[in-house]
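Written out below as structure tokens is the structure these notes cover.
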Amino acid sequence: IAYALAGAKAKKYSYKRIPYWVFRQNGQVHIVAPSAGHLFTLSTDLKGYPVVDYRWVPRWIENRKSLFSKRFLELMEFLCKGAIAFINACDYDIEGSVIGFLVIMSFGNLRNAYRMKFSSLTITEIRNAFRNLSPLDWNMIEAGLCRHELDWLWGINLSRALSHIVSKALGKRLILSAGRVQSPTLTEAVRIITQRRLHIPEPLYYPKIFLELNGRMLTPEFTGKPFPNKAVLQSILMKIKYEPYAFVKSVDVHIKSLAPPHPFNLSDLQTEAYRLLRIGPARTQKVAEDLYLDALISYPRTNSQKLPPTLDNNSIMKSLSKMPKYTDLVRILMNEVRGVLKPNNGPKEDPAHPAIYPTGVLPKQLPPLHEKLYDIITRRYLATFSLPARIREIKVVLDIHGLNFVLKSVHIVNRGWLKYYPFIDLGPTVPEIAKIRKGMKLYVTKAQILTRYTSPPPPLTKLSLLKWMEHVGIGTESTRAEIIEILFKRQYLHSKGKRVEVSDLGIAVAYLLADLFPHIVDIGLTRKFEEYMELIREGRLKREVVVKEAKILIKKLIEEIKREERRAIEVLAKYLSTDTVKNPCPICGRERQGKYFCIFHEKALTRIRDNFLKWNSTGYDWQEYLEKIRSLKITGLWVREVAEFLLKNRLD
DNA sequence: GCAAGGTC
Ligand SMILES: [Zn+2]
């Protein structure tokens with residue numbers, strides 16, 4: 001900002017190792033100094049709940065991990081002493097407004113305070129914002145303060161109530177948490193895992209065919225509907241054995257053009273890092289932040305897929321080409337595009353930051369993972385300026401006694417952007433397939449039946465949870481990965497290899513919250529907050545009114561729970577094996593709900609009964625059916641447990 | 001000690 005406003009005339013100083021800049025303009029001295037996110041946080045001295053009294057305190061006092069912010073706060077205090085006017089130049093959003101407001105309120109003077117409004121950190125925008133200073137953006141500040149207070153009220157009160165109830169039921173002290181973003185996320189994880197645990201596979205039969213073509217074995221893909229009945233497929237296979245030929249129904253060749261990839265936003269980077277390096281989203285974010293703090297890449301916590309038109313890509317290319325690894329790639333790219341660098345910007349936007357790009361600062365020796373991520377970011381940056389890749393796709397449709405199969409082969413016509421970002425699997429190239437013509441008759445060397453079982457929803461991963469949060473619009477680029485880690489820290493979730501599992505505690509907390517505080521497990525609470533914030537920003541609603549209402553509602557909910565603590569503990573016993581369980585499920589110890597089992601195993605029993613008919617029609621009797629679903633890995637855990645129980649015990 | 005949101 002100092003550079004945009006005064007160029008080289010801005011003089012750099014530092015206080016407690018933090019830089020700030022001073023310049024003169026129109027006879028006035030201006031000082032530009034950085035904050036570091038929120039320097040203040042909400043806090044209370046009160047124990048117990050409900051708690052509705054809180055105040056803003058310096059962040060470093062509240063949390064040992066934010067000690068770094070102390071120096072930034074002291075810098076502000078130091079510089080504000082000699083100043084007469086104050087300008088908030090944080091990102092123009094509700095959080096930026098709160099950050100600046102609290103500094104000016106604490107150390108400056110709100111009656112001589114202004115706001116710079118810019119949507120990107122470009123010289124033009126910054127100069128314009130400075131020339132046209134706005135008065136303090138009170139509505140934006142009010143909206144931001146309101147968001148903080150609401151999240152604090154809901155989060156702290158519900159976390160305390162939840163901790164108390166579960167601690168009491170389990171007879172040990174636990175620190176649990178609930179919140180507007182984490183609780184719907186936990187609920188979604190529980191929903192997916194519940195579906196997986198209740199899954200009963202169904203057998204489906206597929207024909208599998210082997211062809212021989214010029215000495216090469218080919219296995220075309222069956223494109224028809226699978227057969228629920230094995231005998232029907234068997235009779236078709238008999239016909240194939242008598243007349244083992246596949247008829248080439250059609251050969252389609254078409255040229256496909258694949259557009260260059262969009263510049264990275266954080267979640268696209270997290271997706272690619274998981275796909276290519278198998279690292280989780282929080283890890284990717286941390287590594288990207290390290291690269292950013294080393295000035296190697298731009299700000300990573302962005303949703304934007306757009307590179308700004310003002311970005312000097314030519315200089316960046318020049319710098320990148322100094323790295324031996326990229327020298328040739330940059331040269332080829334600059335030739336290919338004839339010196340005109342136009343990125344293939346994507347649709348996603350960010351109110352404050354552009355897409356992620358390498359700055360051109362040359363990295364020194366990086367740790368292996370940092371180096372790999374830097375490489376992916378740099379190659380993606382190169383690729384987005386390149387030309388479309390062109391591929392020729394050959395699709396051969398085969399008819400074998402009325403069954404349709406397809407053979408595919410992919411041939412690259414022009415590699416285009418794939419030269420820079422070659423991490424894409426286009427499918428196999430099979431020269432023999434290119435020689436097949438319509439009307440040909442191919443010899444079938446072997447035909448067999450393949451049994452596959454229907455699968456449950458795909459396993460949960462940190463990335464799939466993050467994508468879900470993004471999809472439903474809760475959390476931000478900065479917080480999503482971190483909030484998933486909180487669910488792990490609370491031991492609601494744990495890892496099983498690359499997969500995420502929910503613990504009994506996690507299941508219990510999700511169901512208990514849904515029963516006691518349905519608002520907090522619903523993404524609708526975020527939508528409600530957004531509506532309030534918008535109305536406050538427009539000046540049509542007052543923060544005091546919203547906060548007062550929230551306090552009344554939360555107090556009412558909490559006091560109700562306090563009065564009905566016994567009921568709450570009973571609700572918990574439905575979902576968690578506790579000492580208060582009177583009539584335990586013989587499998588898991590949760591309170592028995594149906595005739596035999598707990599709520600989950602009872603559901604599994606119902607599903608086992610409901611699905612028997614399908615299996616029976618393919619020749620399994622009850623005993624064989626139970627043994628089969630017990631032995632299949634793909635069967636849901638709760639279903640397997642009930643099948644096991646039924647095989648060993650007799651129900652009335 | 002508990003949230004979610006900034007960022008070193
Ligand atoms: Zn059970």
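Just so it is clear: chains get the letters A, B, ... in the order the sequence lines come, proteins before strands, and each one is counted from 1. Side chains included, hydrogens not; waters and symmetry mates left out as well; all remaining heavy atoms used.
Among the atoms of the strands shown, none is found under 4.0 Å from any heavy atom of A:Tyr54. Nucleic acid contact class of A:Ile175 (heavy atoms, under 4.0 Å, all strands): sugar-phosphate only. Among the heavy atoms of the strands lying under 4.0 Å from A:Phe72 are primed sugar atoms or P, OP1, OP2 only; no base atom is included. Residue contacts for A:Gln182: at a heavy-atom cut-off of 4.0 Å it reaches the sugar-phosphate backbone alone, with no base atom in range. When heavy atoms are screened at a 4.0 angstrom cut-off, A:Ser177 is found touching the sugar-phosphate backbone but no base atom. In this structure, A:Asp91 reaches the sugar-phosphate backbone alone: every heavy-atom distance under 4.0 Å involves primed, P, OP1 or OP2 atoms, never a base. Looking at heavy-atom distances under 4.0 Å, A:Gly37 makes contact with a base. In this structure, A:Tyr292 reaches the sugar-phosphate backbone alone: every heavy-atom distance under 4.0 Å involves primed, P, OP1 or OP2 atoms, never a base. A:Leu42 comes within 4.0 angstrom of a base, heavy atoms only. Across all strands shown, A:Arg490 has heavy atoms under 4.0 Å from sugar-phosphate atoms exclusively, and none from any base.
A donor-acceptor contact under 3.5 angstrom links the side chains of A:His370 and A:Asp290, judged on distance only.
Atoms CG (A:Asp294) and C1' (B:dT7) sit 16 Å apart, rounded to a whole Å. The separation between A:Trp152 atom CH2 and B:dA3 atom C1' is 10 Å, rounded to whole Å. Atom CD1 in A:Ile165 sits about 21 Å away from atom P in B:dG1, given to the nearest Å. Protein atom CG of A:Leu266 is 12 Å distant from nucleotide atom P of B:dT7, rounded to whole Å. Between A:Tyr532 atom OH and B:dA4 atom C1' the separation is 18 Å, expressed in whole Å. Across the protein-nucleic acid pair, A:Leu525 atom CG and B:dA4 atom P stand 10 Å apart, rounded to whole Å. For A:Ile94 and B:dA4, the CD1 to C1' distance is 11 Å, given to the nearest whole Å. The interatomic distance linking A:Leu512 (CG) with B:dC2 (P) rounds to 19 Å, in whole Å.
The phosphate of B:dA3 (OP1 or OP2) has no side-chain N or O of A:Arg160 nearer than 4.0 angstrom. For the OP1/OP2 pair of B:dG5 and a distance below 4.0 Å, the side-chain nitrogens and oxygens of A:Thr41 include no atom meeting the criterion. Between A:Ser478 and B:dG6 there is a side-chain polar atom (N or O) within less than 4.0 angstrom of OP1 or OP2.
In this structure, A:Lys555 is not positioned above the aromatic face of A:Tyr49 in the sense of NZ or CZ being under 6.0 Å from the six-membered ring centre and within 45° of the axis.
Comparing atom distances between the A:Ser163 side chain and each of B:dA4, B:dA3, B:dG1 picks out B:dG1 as nearest. Of the candidate nucleotides B:dT7, B:dA4, B:dA3, B:dA4 has the atom lying nearest to any side-chain atom of A:Arg59. Here the side chain of A:Ile99 is nearest to one of B:dG6, B:dA3, B:dC8, namely B:dG6. With B:dG5, B:dA3, B:dT7 as the candidates, the nucleotide lying closest to the side chain of A:Ser159 is B:dA3.
Rounded to the nearest 0.5 angstrom, A:Ile377 CD1 and A:Ile297 CD1 are separated by 4.0 Å.
Proximity of a side-chain donor or acceptor of A:Ser577 to a complementary backbone N or O of A:Arg590 within less than 3.5 Å is not detected.
Of the charged side-chain nitrogens involved, at least one lies within less than 4.0 Å of a carboxylate oxygen, so that A:Lys528 and A:Glu531 count as a salt-bridged pair.
When ring centroids are compared, A:Phe517 and A:Trp154 stay outside the 6.0 Å threshold. A centroid separation of 6.0 Å or more is found between the aromatic rings of A:Trp21 and A:His30.
With the nearest nucleotide of DNA chain B identified for both A:Gly475 and A:Glu62, A:Glu62 has the one nearer the 5' end. Along DNA chain B, the nucleotide nearest to A:Arg301 and the one nearest to A:Gly155 differ in position, and the one closer to the 5' end is contacted by A:Gly155.
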